[in-house]
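Here the structure comes first, spelled out in structure tokens, and everything after it is commentary.
For the single chain, residues carry numbers from 1 onward in sequence order. All ligand and atom numbering here is 1-based and tracks the order in the structure.
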Amino acid sequence: MTAPRLRSDLESIPAYKPGKAPAPSETPAHKLSSNENPYPPLPSVAAAIADCIGGINRYPDMSGREITALIAERFAVDPAQVVLGSGSVEIVSQLMRATAGQGDEVMFAWRSFEAYPLLARAGGAVPVAVPLDSDHRHDLDAMLAAITERTRLILVCNPNNPTGTTVSSAKLDAFLAEVPSDIVVVLDEAYLHFNHDPESPVGIDFFRRYPNVVLSHTFSKAYGLAGLRIGYAISPAHIAEALRKVAIPFGVTQLAQIAAVASFQAENELAVRIDELVAERDRLTEALSAMGWSLPESHANFVWFPLGSDTARGVEVFERHGLLVRPFPGEGMRVSIGSVAANDTVLTAAAELASLVLIPTDAAETSAA
Ligand SMILES: *Cc1c(COP(=O)(O)O)cnc(C)c1O
């Protein structure tokens with residue numbers, strides 16, 4: 001008997017690898033592998049979710065009217081320009097499915113968000129990964145040069161996951177001026193709230209100026225709703241219409257919508273938490289640099305250790321200290337900003353690691369120069 005037939009090209013697609021979760025017995029452990037917000041939900045958000053539970057026998061509001069209106073108001077756009085997704089991962093998937101058919105090309109920097117190549121391939125498109133430059137930033141010139149007749153979608157992850165780096169407004173402007181206007185360019189701003197880089201583009205300004213720019217935002221990171229799955233696109237209306245066609249019907253639950261509304265209403269409280277995470281990131285960055293680490297400057301809620309062939313050793317040292325991080329074998333490891341206690345432990349582990357490995361990148365070069 002032959003097995004049920006599946007798409008043959010799926011065999012070449014690796015499964016998405018989520019950040020490692022602590023084993024039940026291994027405590028205490030700090031999960032710093034998925035860039036999650038370390039804070040528990042705000043009481044007001046938890047209460048709004050609890051109030052909603054009695055209604056889960058009903059389908060959610062498919063149009064997400066209330067949260068869509070709030071988002072539209074916040075960014076001064078038309079509600080028709082807002083599309084919800086089951087996390088912004090679904091937004092990225094919608095964008096790929098709405099723009100790229102079989103054999104069309106979806107371009108992104110690499111290394112960047114690991115869902116990009118997986119979603120592109122799953123949709124039948126050809127992923128085109130353009131290496132980051134030597135400063136771990138998007139190489140927009142190389143991306144421009146890689147555009148072909150088949151390019152349908154370009155993703156710019158700003159700040160970039162996992163390196164934390166930003167593109168500059170000036171470079172993005174120069175890039176967008178050259179990209180053919182029939183190619184959709186996505187600014188994935190999952191880490192928008194942590195980005196205080198004055199040189200960095202603010203997506204909404206670019207959205208207003210370029211008719212082919214779409215923004216992808218999420219409630220998962222700064223707002224701490226990763227477990228509920230809600231993100232959104234801000235998009236020109238005709239593209240938004242296409243995104244709704246390929247969206248999973250009822251993909252955004254009522255709990256997620258309600259929690260997002262409650263989060264908008266509690267933004268002052270959330271802003272305090274975001275400021276604390278940013279202050280922690282800056283504290284960590286300074287302390288690591290004082291130890292001799294020369295890491296790319298992060299504008300997100302994580303830091304990137306470009307350890308290269310020492311990555312496995314780095315992960316092992318961190319795990320010994322109870323820190324779960326995200327390894328990219330042979331390239332480096334990404335460490336999320338966590339609680340103060342977790343970040344203190346990161347510094348302890350990083351000091352130990354520094355004594356074991358030749359500290360990578362520019363530090364060695366600068367001191368030798
Ligand atoms: C975490 C992340 C997302 C958001 O994922 P959700 O599906 O919204 O939880 C999107 N893009 C990037 C680059 C990310 O790192």
As a quick check of understanding, evaluate ring pair (Phe, Tyr, Trp, His ring centres under 6.0 Å) for Phe175 and His138, giving each step before the final call. CA-CA 11 Å; Phe175 177 71; His138 281 62; 8.9 Å; no

How are the rings of Phe219 and Tyr232 set to each other: parallel, tilted or perpendicular (split at 30° and 60°)? tilted

Parallel, tilted or perpendicular, judged at 30° and 60°: which one describes the rings of His217 and Phe75? tilted

Quick one: does any side-chain atom of Asn37 pair with a main-chain N or O of Ala222 as donor and acceptor, under 3.5 Å? yes

Yes or no on side-chain hydrogen bond (donor to acceptor under 3.5 Å, both in side chains) for Gln254 and Tyr59, after CA distance, side-chain angles and deciding distance? CA-CA 8 Å; Gln254 202 67 23; Tyr59 281 104; over 6 Å; no

Find all protein N or O atoms under 3.5 angstrom from an N or O atom of ligand 1 and list the pairs with distances, or write 'none'.
from, atom 1, to, atom 2, distance (Å)
ligand 1, 7 (O), Ser88, N, 3.1
ligand 1, 7 (O), Val89, N, 2.9
ligand 1, 7 (O), Arg229, NH2, 2.6
ligand 1, 8 (O), Ser88, N, 2.6
ligand 1, 8 (O), Ser88, OG, 2.9
ligand 1, 8 (O), Thr218, OG1, 2.5
ligand 1, 8 (O), Ser220, OG, 3.3
ligand 1, 9 (O), Ser220, OG, 2.5
ligand 1, 9 (O), Arg229, NH1, 2.8
ligand 1, 9 (O), Arg229, NH2, 3.3
ligand 1, 11 (N), Asp188, OD1, 3.2
ligand 1, 11 (N), Asp188, OD2, 2.7
ligand 1, 15 (O), Asn161, ND2, 2.8
ligand 1, 15 (O), Tyr191, OH, 2.6
ligand 1, 15 (O), Lys221, NZ, 3.3

Establish, yes or no, whether a centroid distance under 6.0 Å links the rings of Phe302 and Tyr191. yes

